[in-house]
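The structure under discussion appears below in the form of structure tokens.
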Amino acid sequence: MADQKLPTRAEDFSEWYNQLVTRAELADYAPVRGCMIVRPYGWALWENITAQLDRRFKATGHVNAAFPMLIPRSFIDKEKSHVAGFSPELAVVTHGGGEELEEPLVIRPTSETIIGWAYSKWIQSYRDLPVLINQWNSVVRWELRTKLFLRTLEFFWQEGHTAHATQEEAEAETRQMLDTYTDFAMKEAAVPVIPGKKSDAERFAGADRTYSIEAMMGDGKALQAGTSHNLGQNFAKAFEIKYLDKTGVQEFCWTTSWGLSTRFVGAIIMVHGDDQGLIFPPRLAPFQLVIVPIYKTDEEKASVMECARRLRAELVDADIRVKLDEREGSSPGFKFNDWEMRGVPLRMELGPKDVAKNSVVLARRDRPGKEGKTFVDQHGIAGAVSALLVEIQQALFDRALAFRKANTHEPADYAEFKQAVEKGFAFSWWCGNADCEANIKEETKATMRCIPLEQPGGSGKCIHCGQPATEKAIFAKAY
RNA sequence: CGGGGCGUAGCGCAGCCUGGUAGCGCGCCUGCCUUGGGCGCAGGAGGUCCGCGGUUCAAAUCCGCGCGCCCCGACCA
């Protein structure tokens, strides 16, 4: 690391992000352009994300499975909007075992097709429904412009794929999973999100309806943090996923798919991070608390370390994720900065004075400097730490929500609209016309992020064309 | 794919214009000293100067052709 200080977010948000990701050792660049190595610290965060999501999936009746990475090229061609959407970004395998393949294989960009193929075999009767399967895997899309976590050629995610007997059930599933993502984002990641419906232009290739959760990053731009698709009968028809209903009639299934990816790591970085570095929400942080021991002499070291290990054991017993920084040769000051950059929500400073007084210093990551430091008695430390972690989690959410509100505007006219999307979200009436949407994108670079499920009601005039409108939409520049 | 920039130690860069012993900062290693907010001192290791070709007595430097990366535009979880 050449410089010790990061660029500030105001100076260069993009560079702040890039340096932070590599310096905090979340990820590194791979030898292939656009690919990412997720390092242990970044993967630990992702594991905590997956654990919380997986728990929710299981609680709603889903089961995990694994489908192959290689898909016959012809599968992609079976659903016409799907092929149109994905063809440009497919990685194709043409050779195997030294021979040219008879039929090229694509590396999955998503698994609707191969899962559709499987479902058509497995589903015969209404008694087989619903099928509720999820898989944790990675997929490949040949993106042109990449950025660690936010857009890489290969990314890690989960993709849920379900099949249902009726349209209503499929829609309910689609919405249930959108709610699941919303709940996860708000409660676990402390990321306030806006659940809503995508426009036709932004819809998934092959879906009837696409929903997403949208979050505002620290620079005011939007990030789609998760999506849920009602695929109607499009894939059922392409892959002949059919069942016999109670009356003995053959019907096509109604299917859904939904995904959340390592992109979410980028969201956590850009929502909570400050000029010092990362700030992880306690519920997902790889380390919730770091202990920095302070000592001069060998005697001091012995007593401080003994105390540190005792406190660590107590905290671990209380299921708190603790890191004891035992590195020799780095000063406490260095460690303070290092762990702040790495986003650990709470730091315990433990020196000879603290050992003597049976107390510790706890420093909150979300409140820099003296303001965030408190002296806490060693007795009952686990309770005190747990309580603080809960407070920090809430404070992060509150701060992110306040930021989003402060940077979300309801412009009165198109001139104000243009200003609004320069630095945040515009929440505006939209007539629903794709031409208006395209013109807005052309003229302002802002896209329609979603039509929030939560609507004010009533009606108004489209922010662009002035025609009557019944829905308000979020417009913003997006990642 | 179009426009712009850049490839020199792990990272960030200087040197190139005007050809002549490959340098600086940070990091790394060893030792001493320090440690309550990014310690200090001394010594040390580390190079295909992106690749190939050309010009020249001599190329990191000049010329040509490749390759790669970054930024900006069209596409995107």
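So you know, we letter chains A, B, ... as the sequences are listed, proteins then strands, and number each from 1.
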Subject >> Separation of the P atoms in B:C71 and B:G27, to the nearest angstrom >> reply: 27 Å

Subject >> A:I294 side chain, from C-beta outward: closest of B:A77, B:U35, B:G37 >> reply: B:U35

Original post:
With both distances under 3.5 angstrom, what nucleotide forms a Watson-Crick or G-U wobble pair with B:G73?
Top reply: B:C1

**OP:** Specify the closest pair of heavy atoms between A:M217 and A:F403, including all atoms of both residues, with the distance to one decimal.
**Re:** O-CE2, 3.4 Å

Subject >> P-based separation of B:A59 from B:C70 [nearest Å] >> reply: 33 Å

**OP:** Spell out yes or no: do the side chain of A:K373 and the base of B:G37 have one donor N/O and one acceptor N/O closer than 3.5 Å?
**Re:** yes

Original post:
Which part of the nucleic acid, if any, lies within reach of A:Y295 when heavy atoms closer than 4.0 Å are counted: base, sugar-phosphate only, or nothing?
Top reply: base

Subject >> Whole-angstrom distance between B:C65 and B:G3, as gauged at atom P >> reply: 15 Å

**OP:** Check whether NZ of the Lys or CZ of the Arg A:R141 lies under 6.0 Å from the centre of the six-membered ring of A:W157 and within 45 degrees of that ring's axis.
**Re:** yes

Subject >> Minimum-distance nucleotide (side-chain atoms of A:S261 versus B:A77, B:G36, B:G37) >> reply: B:A77

Original post:
NA contact type, A:K353, heavy-atom cut-off 4.0 Å: base, sugar-phosphate, or nothing?
Top reply: base

Original post:
Hey, would you say the A:F475 and A:F417 ring centroids sit under 6.0 Å apart?
Top reply: yes

Original post:
Which distance, rounded to the nearest 0.5 Å, do you find between the CZ of A:R365 and the CH2 of A:W339?
Top reply: 13.0 Å

Subject >> Minimum-distance nucleotide to A:Q224 side chain [options: B:G37, B:G36, B:A77] >> reply: B:A77

Subject >> Exercise: identify the closest heavy-atom pair between A:A205 and A:F235 >> reply: O-CZ, 4.3 Å

Subject >> Partner nucleotide of B:C16 by Watson-Crick or wobble geometry (both distances under 3.5 Å) >> reply: none

Original post:
What distance, rounded to whole Å, do you find between the two P atoms, one in B:A58 and one in B:G68?
Top reply: 32 Å

**OP:** With heavy atoms under 4.0 Å as the rule, sort A:R327 into base, sugar-phosphate or nothing.
**Re:** nothing

**OP:** Between A:G369 and A:A201, name the one whose nearest nucleotide on RNA chain B is closer to the 5' end.
**Re:** A:G369

Original post:
Taking a pair as Watson-Crick or G-U wobble with both distances under 3.5 Å, which nucleotide is matched to B:G53?
Top reply: B:C63

Subject >> 5′-ward residue of the pair A:K296/A:L150 relative to RNA chain B >> reply: A:K296

Subject >> Rounded distance in Å - NE2 (A:H82) to P (B:A77) >> reply: 12 Å

Original post:
Nearest heavy-atom pair of A:E79 and A:G206: which atoms, and what distance?
Top reply: OE1-CA, 3.5 Å

Original post:
For B:A42, which nucleotide in any strand shown is its Watson-Crick or wobble partner with both distances under 3.5 Å?
Top reply: B:U30

Subject >> Distance between C1' atoms of B:G46 and B:G10 (Å, rounded) >> reply: 9 Å

Original post:
What integer number of Å spans the P atoms of B:U8 and B:G51?
Top reply: 10 Å

Original post:
In whole angstroms, how far is the C1' atom of B:G37 from the NZ atom of A:K335?
Top reply: 13 Å

Original post:
If you look at every strand shown and take non-hydrogen atoms under 4.0 Å, does A:T152 touch a base, only sugar-phosphate, or nothing?
Top reply: base

**OP:** Can you tell me the pairing partner of B:G68 across any strand shown, Watson-Crick or G-U wobble, with both distances under 3.5 angstrom?
**Re:** B:C6

**OP:** Assess whether ring pair (Phe, Tyr, Trp, His ring centres under 6.0 Å) is satisfied between A:F239 and A:Y119, documenting all intermediate values.
**Re:** CA-CA 8 Å; A:F239 288 88; A:Y119 282 7; over 10 Å; no

Subject >> Same-atom distance (P) from B:C13 to B:G19, integer angstrom >> reply: 27 Å

**OP:** Write down the distance between CZ (A:R449) and C1' (B:A77), rounded to a whole number of angstrom.
**Re:** 11 Å

Subject >> Distance-minimising heavy-atom pair for A:L231 and A:T256 >> reply: CD1-C, 3.8 Å

**OP:** Measure from the side chain of A:S331, starting at C-beta and using heavy atoms only, and say which of B:U35, B:G37, B:C39 lies closest.
**Re:** B:C39

**OP:** Identify whether the distance between the nearest side-chain nitrogen and carboxylate oxygen of A:R56 and A:D183 falls below 4.0 Å.
**Re:** yes

Original post:
Touch check for A:G259, heavy atoms < 4.0 angstrom, all strands: base, sugar-phosphate only, or nothing?
Top reply: nothing

Original post:
OH of A:Y181 versus C1' of B:A77: gap in Å, rounded?
Top reply: 10 Å

**OP:** Answer yes or no on whether A:K221 is positioned over the face of A:Y479, meaning its NZ or CZ is under 6.0 Å from the six-membered ring centre and within 45° of the axis.
**Re:** yes

Subject >> Ring center gap for A:F184 and A:F264 short of 6.0 angstrom >> reply: yes

Listed pairs, N/O of protein and of nucleotides 41-43 of chain B, under 3.5 Å:
none

Subject >> Nearest-angstrom distance from the residue atom CD of A:E349 to P of B:G38 >> reply: 12 Å

**OP:** For A:P7 and A:Q19, work out which heavy atoms get closest and say how close.
**Re:** CD-OE1, 3.5 Å

Check nucleotides 28-33 of chain B against the protein and report each pair of N or O atoms closer than 3.5 Å, with its distance, or say if there are none.
none

Subject >> Stacking of A:F336 on B:G38 base (centres under 5.5 Å, planes under 30°) >> reply: no

Original post:
Can the positive tip of A:R263 be found less than 6.0 Å from the middle of the six-membered ring of A:F149, inside 45° of the ring normal?
Top reply: no

Original post:
For A:F334 and B:G38, what is the distance between atoms CZ and C1' respectively, to the nearest whole Å?
Top reply: 7 Å

Original post:
Is a donor-acceptor contact shorter than 3.5 angstrom present between the side chain of A:D354 and the base of B:G36?
Top reply: yes

**OP:** Name the nucleic acid region contacted by A:V361, choosing base, sugar-phosphate or nothing; use a 4.0 angstrom heavy-atom cut-off, strictly under.
**Re:** base

Subject >> Lys/Arg cation over aromatic A:F336: A:R347, 6.0 Å, 45° cone >> reply: yes

Subject >> nucleotides 68-75 of chain B: protein proximity per nucleotide (B base, S sugar-phosphate only, - neither; heavy atom, under 4.0 Å) >> reply: -S--SSBS

**OP:** Classify the angle between the aromatic ring planes of A:H229 and A:F204 as parallel (below 30°), tilted (30 to 60°) or perpendicular (above 60°).
**Re:** parallel

**OP:** For nucleotides B:G15 and B:G53, find the distance between their C1' atoms and express it as a whole number of Å.
**Re:** 25 Å

**OP:** Give the rounded distance in Å between these two atoms: CZ of A:R23 and P of B:G38.
**Re:** 16 Å

Subject >> Rounded distance (Å) that lies between atom C1' of B:U35 and atom CG of A:D325 >> reply: 13 Å

